[in-house]
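These values consider heavy atoms only, across backbone and side chains, with no hydrogens, waters or symmetry-generated copies. Counting convention: from 1, in listed order, for ligands and their atoms alike.
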Amino acid sequence: MNGNATILVTGGAGYIGSHACVALLEAGYKIVVIDNLVNSSPLSMARVKAITRQDFAFIEGDICEARTLDALFKQYSIDAVMHFAGLKAVGESCSNPLLYYQNNVAGTLTLCKAMKAHGVGRIIFSSSATVYGEPHTVPIDESFPLQTTNPYGGSKKMVEDVFRDLAEADRLGDAEFWRVGLLRYFNPVGAHPSGMIGEAPNGVPNNLLPYMLQVALGKQPELTVYGDDYPTPDGTGVRDYIHVVDLVAGHVKALHFLLDENNASGCHTWNLGTGQGYSVLEMITAFEAATNVKVPYKIAPRRPGDIPACWAEPSKAQREINWQAEQNLAQMMKDSWHWQCQNPEGYDA
Ligand code: NAD
Ligand code: WQD
């Protein structure tokens, strides 16, 4: 199935993209990476080559540049696209929505136009559980209503709408060009077991585990737990944390599905989560148990925009692409800590 297929990985120098590059190379695919390095380092590419002992083309470029994409599709025979390139900071999207719609939506439109012009119709898109907003209940399956509450989530839903409309236009025209996988990530955490690639947030992290890691390293004095008065078992927020290695394994399974001509064309949606929710306090306990490192914390009021609980009902991915998460919480903590200890300054060192 993968044979000599060549996959364009947009945003491949980033946290999830770099892990996907490892998974694709180890699955026998050829890859070409484009990344403008707005939120990553070229060192992650060198680390991917070291882990896999394989070479690949890296283009420092912006998916918003049509000429760059046209030249890339002319130079390389691309069979499918894994589309990670995007800005992902919820708070920044609220203060600068135009940047997020331009980069995430217009950038994807530019990519789709280049794909169409060069006859490439297979794409996997990095969507997010954030498109569900605050669900009426949990666990969440793919049929739940989409209701975004910030420009970042809005940009993800808009891109999903674009792909659904492209697939519908094909159906109406009796065409079968677009074969799309919309992957709705829950909360990716962890790092490759080698400790050579991982999440390297710029500045002070917003997300729980990267912040917890900085506390454990002594770079932050304590963790602030945002709210202990949610309607959850211990009052703190509950999320579905998924190991990044499991997440990218789901991408490879989705790619196999799209490359298999026996499968329907059109737009397919899969939740990528474990189906298990953990609270903030449970995350602290799990981290301390896995690493033997204490994480001092204080309780503070809820963070605006946070929802009480969010976890996946992941059986559709299991049924349709034969994927389910395998790594447990202890492994997520161990691998995160291993990466952080080996790279206290991320890729900056
Ligand atoms: P990341 O910031 O580490 O990776 C994104 C990469 O895309 C970066 O290397 C960045 O330089 C690149 N990029 C951004 N805009 C670009 C452009 N216009 N042209 C070329 N490259 C560009 O983020 P990540 O955590 O790896 O997330 C990857 C994708 O998954 C993003 O689209 C994100 O929205 C989505 N996602 C992430 C999470 C999460 O919690 N990490 C959850 C759900 C969805
Ligand atoms: C998890 C839990 C916080 C930090 C975000 C984006 C989402 C997606 C994944 C891109 C919550 C609590 C956190 C801290 C805390 N990203 N927390 N102290 O908010 O579920 O999702 O990342 O697609 O779009 O919204 O993840 O890690 O920020 O928070 O108590 O310092 O940890 O309240 O309950 P979130 P998170």
Side-chain angles (χ1 to χ4, degrees), residues 9-20 33-42 44-45 59-65 68-69 82-91 93 99-100 102-104 106-108 110-111 125-133 148-150 152-153 155-156 159 183-189 197-202 204-212 214-215 220 222-228 230 232 236-242 244 247-248 251 272-273 277-281 283-284 297-311:
V9 184
T10 77
Y15 169 43
I16 301 170
S18 56
H19 285 80
V33 176
I34 182 171
D35 198 309
N36 67 358
L37 302 177
V38 72
N39 196 40
S40 52
S41 161
S44 69
M45 299 286 83
I59 291 107
E60 184 176 348
D62 194 318
I63 62 163
C64 297
E65 294 294 334
T68 302
L69 292 178
M82 261 192 204
H83 181 29
F84 298 98
L87 301 175
K88 62 165 182 174
V90 171
S93 80
L99 172 67
Y100 272 68
Q102 169 58 35
N103 194 75
N104 294 0
T108 303
T110 306
L111 174 64
F125 172 62
S126 302
S127 190
S128 166
T130 203
V131 300
Y132 295 114
T148 57
T149 56
N150 57 69
Y152 165 71
S155 76
K156 288 300 179 182
V159 170
L183 302 186
R184 293 175 180 162
Y185 308 170
F186 280 70
N187 287 63
V189 295
I197 55 175
E199 188 170 12
N202 287 332
V204 178
N206 294 312
N207 292 140
L208 177 65
L209 194 49
Y211 198 101
M212 207 188 291
Q214 290 201 1
V215 172
Q220 304 293 342
E222 64 184 354
L223 174 71
T224 303
V225 175
Y226 293 123
D228 66 349
Y230 284 107
T232 60
T236 63
V238 174
R239 297 289 184 275
D240 184 331
Y241 299 93
I242 177 171
V244 65
L247 187 70
V248 296
H251 284 67
L272 295 190
Y278 289 103
S279 74
V280 178
L281 294 181
M283 291 291 280
I284 294 169
Y297 68 88
K298 68 180 178 187
I299 303 292
R302 298 180 181 186
R303 182 172 65 173
D306 274 356
I307 62 176
C310 173
W311 68 87

Does the side chain of [Y] come within less than 4.5 Å of [X]'s, by heavy atoms?
{"X": "Tyr152", "Y": "Ser128", "answer": "yes"}
{"X": "Asn206", "Y": "Val90", "answer": "no"}
{"X": "Ile16", "Y": "Pro188", "answer": "yes"}
{"X": "Thr232", "Y": "Ser279", "answer": "no"}

(message) To check you understand the geometry: which heavy-atom pair defines the closest contact between Met45 and Gly12, and what is its length?
(response)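 Nearest heavy atoms, Met45 then Gly12: CE-O, 3.0 Å.
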
(request) Using the six-membered ring wherever Trp is involved, compare the ring planes of Phe125 and His83 and label them parallel, tilted or perpendicular (cut-offs 30° and 60°). (result)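 Because their plane-to-plane angle lies in the 30° to 60° range, the rings of Phe125 and His83 count as tilted.
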
(message) Using a 4.0 Å cut-off on heavy atoms, what residues surround ligand 2? Order them by chain and number.
(response)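 Ligand 2 pocket, heavy atoms under 4.0 Å: Val90, Ser128, Thr130, Tyr152, Asn187, Asn206, Asn207, Leu208, Leu223, Thr224, Val225, Tyr226, Gly237, Arg239, Tyr241, Val280, Arg303, Asp306.
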
(request) May I ask you to check whether His251 and Tyr185 place their ring centres under 6.0 Å from each other? (result)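 Under 6.0 Å, so yes.
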
(message) Surrounding OH of Tyr211 (heavy atoms of other residues, nucleotides or ligands, distance under 6.0 Å), is the total greater than 12?
(response)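 More than 12 heavy atoms, drawn from other residues, nucleotides or ligands, come within 6.0 Å of this atom.
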
(request) For Asp35 and Leu37, indicate whether the former's side chain and the latter's backbone hold a donor-acceptor pair under 3.5 Å. (result)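 Judged by distance alone, yes, a pair lies under 3.5 Å.
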
(message) I need the contact residues for ligand 1: any residue with a non-hydrogen atom closer than 4.0 Å to the ligand, ordered by chain then number.
(response)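 Its neighbours under 4.0 Å (heavy atoms only) are Gly11, Ala13, Gly14, Tyr15, Ile16, Asp35, Asn36, Leu37, Val38, Asn39, Ser40, Gly61, Asp62, Ile63, Phe84, Ala85, Gly86, Lys88, Asn103, Ser126, Ser127, Ser128, Tyr152, Lys156, Tyr185, Pro188, given by chain and number.
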
